[in-house]
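Below is one structure, written out as structure tokens; the observations come after it.
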Protein chains: 2
Amino acid sequence: MVKKVEIPEDLQEIARFAKAMSHPVRVYILKKLSSRNACCYSGDLVDELPIGRSALSQHLKELKHAGLIQGEIEAPFIKYCINKENWAKLNSAFNDYLNVKLNETKIEI
Amino acid sequence: MVKKVEIPEDLQEIARFAKAMSHPVRVYILKKLSSRNACCYSGDLVDELPIGRSALSQHLKELKHAGLIQGEIEAPFIKYCINKENWAKLNSAFNDYLNVKLNETKIEI
DNA sequence: TTTTCATTTCGTAATTTTGCGAAATATTAA
DNA sequence: TTAATATTTCGCAAAATTACGAAATGAAAA
């Protein structure tokens, strides 16, 4: 009989990252900020996205709490950029998790 | 002024996949079924995981609806396996999405 | 047919997520 | 100081998520 065990931390981390990416608006923001190392303002995003300011603000907060973006005050704006370190962590975590070949049991001789 | 636009379908797809992976139990199941092409029964999982049968059943249903696993009746069991086609889709979707180099703006001469 | 077994579905409850508009905050411009 | 601007926080409501135990399902075994 297999003992009930805590789910390994690396899998829990994947779940946390996946949760941060589980809404189209957040996927959009991460895409925008990660490609081209671009930064942007909340006001840029609210013009592009089909949600209001306060909802957007909550998505930004969530991404901040997940450590994936960071905001820098550039009054009267807040400039949001990707958090490179944690974005790299997310990348390698997904790489490790997903890069399990479907046919790895096939052994070539 | 940038027009408000629907979020592109590829990003919405990432969000859907991420949502399927946004819970540790589901991450665990997908890991188990994707590596080694293993299949397993609900009963195997319930012994390993820190949740009850009915909660597990709901996670399996969610993964089925996301198209990531499939169940085959092998009475009195149900054998769950990865859905290779859609798992491959998930892999390439994340690959496209994530494989945006942080330093792609650096141009080597 | 009745019992047994693995699993799902149902009913319910607690919590989280998502979104909105209004109000608050904080900084710059007048 | 007052007004304007960008953004967040608050209060709220609707919907989704998560989990449980009990009951239902469906197939095999007795």
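Every chain is numbered from 1 and lettered A, B, ... according to where its sequence line falls, protein lines coming before strand lines.
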* Step by step, would you call A/D10 with A/D96 a side chain to side chain contact (heavy atoms under 4.5 Å, CB included)? -> CA-CA 10 Å; A/D10 61 325; A/D96 292 349; over 6 Å; no

* To do: Could you check A/N95 against A/N91 for side chain to side chain contact (heavy atoms under 4.5 Å, CB included), going step by step and ending with a plain yes or no?
  => CA-CA 6 Å; A/N95 217 57; A/N91 270 261; over 6 Å; no

* To do: Check step by step if side chain to side chain contact (heavy atoms under 4.5 Å, CB included) holds for B/M21 and A/M21.
  => CA-CA 10 Å; B/M21 295 197 293; A/M21 294 196 295; over 6 Å; no

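Shown for residues 59-68 of chain A: residues whose heavy atoms fall under 4.0 angstrom of DNA chain C, namely A/H59, A/E62. Heavy-atom distances under 4.0 Å link DNA chain D to A/P76, A/F77, A/I78 of residues 72-79 of chain A, given in residue order. If you check residues 10-18 of chain A against DNA chain D, you find no residue with a heavy atom closer than 4.0 Å.
Applying the side chain to side chain donor-acceptor pair (under 3.5 Å) rule to B/S22 yields the partners B/R26; only residues at least two apart in sequence or on another chain are considered. When the side chain to side chain contact (heavy atoms under 4.5 Å, CB included) test is applied to A/S42, the partners found at least two apart in sequence or on another chain are A/L56, A/L60. The side chain to side chain donor-acceptor pair (under 3.5 Å) test applied to A/R16 returns A/E9, not counting sequence neighbours. Evaluation of the side chain to side chain donor-acceptor pair (under 3.5 Å) rule for B/Q58 yields no partner, not counting sequence neighbours. Residues satisfying the disulfide bond (SG atoms under 2.5 Å apart) criterion with B/C81, sequence neighbours excluded, are B/C39. Among residues two or more places apart in sequence or in another chain, the salt bridge (Lys or Arg N to Asp or Glu O under 4.0 Å) test is passed with A/K32 by A/E48.
For the atom pair B/E62 CD and B/S57 OG, the distance stands at 11.5 Å (nearest 0.5 Å). Taken from OG in A/S92 to CG in A/N99, the straight-line distance is 11.5 Å, to the nearest 0.5 Å.
Considering only the side chain of B/S57, C/dT9 comes nearest among C/dT9, C/dT17, C/dT18.
Between A/F94 and B/F94, the ring planes are parallel. Angles under 30° get that label, and only those over 60° would be called perpendicular.
Looking at B/L90 and A/L98, their side chains come closer than 4.5 Å, going by heavy atoms from C-beta outward. Using a 4.5 Å heavy-atom threshold, the side chains of A/I29 and A/Y80 count as separate.
Under 4.0 angstrom from either OP1 or OP2 of C/dT18 there lies at least one side-chain N or O belonging to A/R26.
Taking for each of A/K19 and A/Y80 the nucleotide of DNA chain D with the nearest heavy atom, the 5'-most of the two is the partner of A/Y80. With the nearest nucleotide of DNA chain C identified for both A/R53 and B/G43, B/G43 has the one nearer the 5' end.
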Please set out all donor-acceptor pairs under 3.5 angstrom arising from side-chain atoms of residues 64-77 of chain A, sequence neighbours excluded.
| residue | atom | partner | partner atom | Å |
| --- | --- | --- | --- | --- |
| A/Q70 | OE1 | A/N83 | ND2 | 3.2 |
| A/E74 | OE1 | A/Y41 | OH | 2.4 |

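On the nucleic acid side, DNA chain D contacts chain A at distances under 4.0 Å to non-hydrogen atoms, with the end points of that region at D/dA6 to D/dT9.
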Atom pairs under 3.5 Å, N or O on each side, protein against nucleotides 21-25 of chain C: can you list them with distances?
| residue | atom | partner | partner atom | Å |
| --- | --- | --- | --- | --- |
| C/dG21 | N7 | A/S54 | OG | 3.4 |
| C/dG21 | O6 | A/S54 | OG | 3.0 |

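Rounded to a whole Å, the CG atom of B/D44 is 11 Å from the P atom of C/dA6. Straight-line distance from the CD1 atom of B/I51 to the C1' atom of C/dT7: 14 Å, rounded to whole Å.
Minimum interatomic distance between A/C40 and A/D44 (heavy atoms only, all atoms of both residues): CB-OD2, 3.4 Å.
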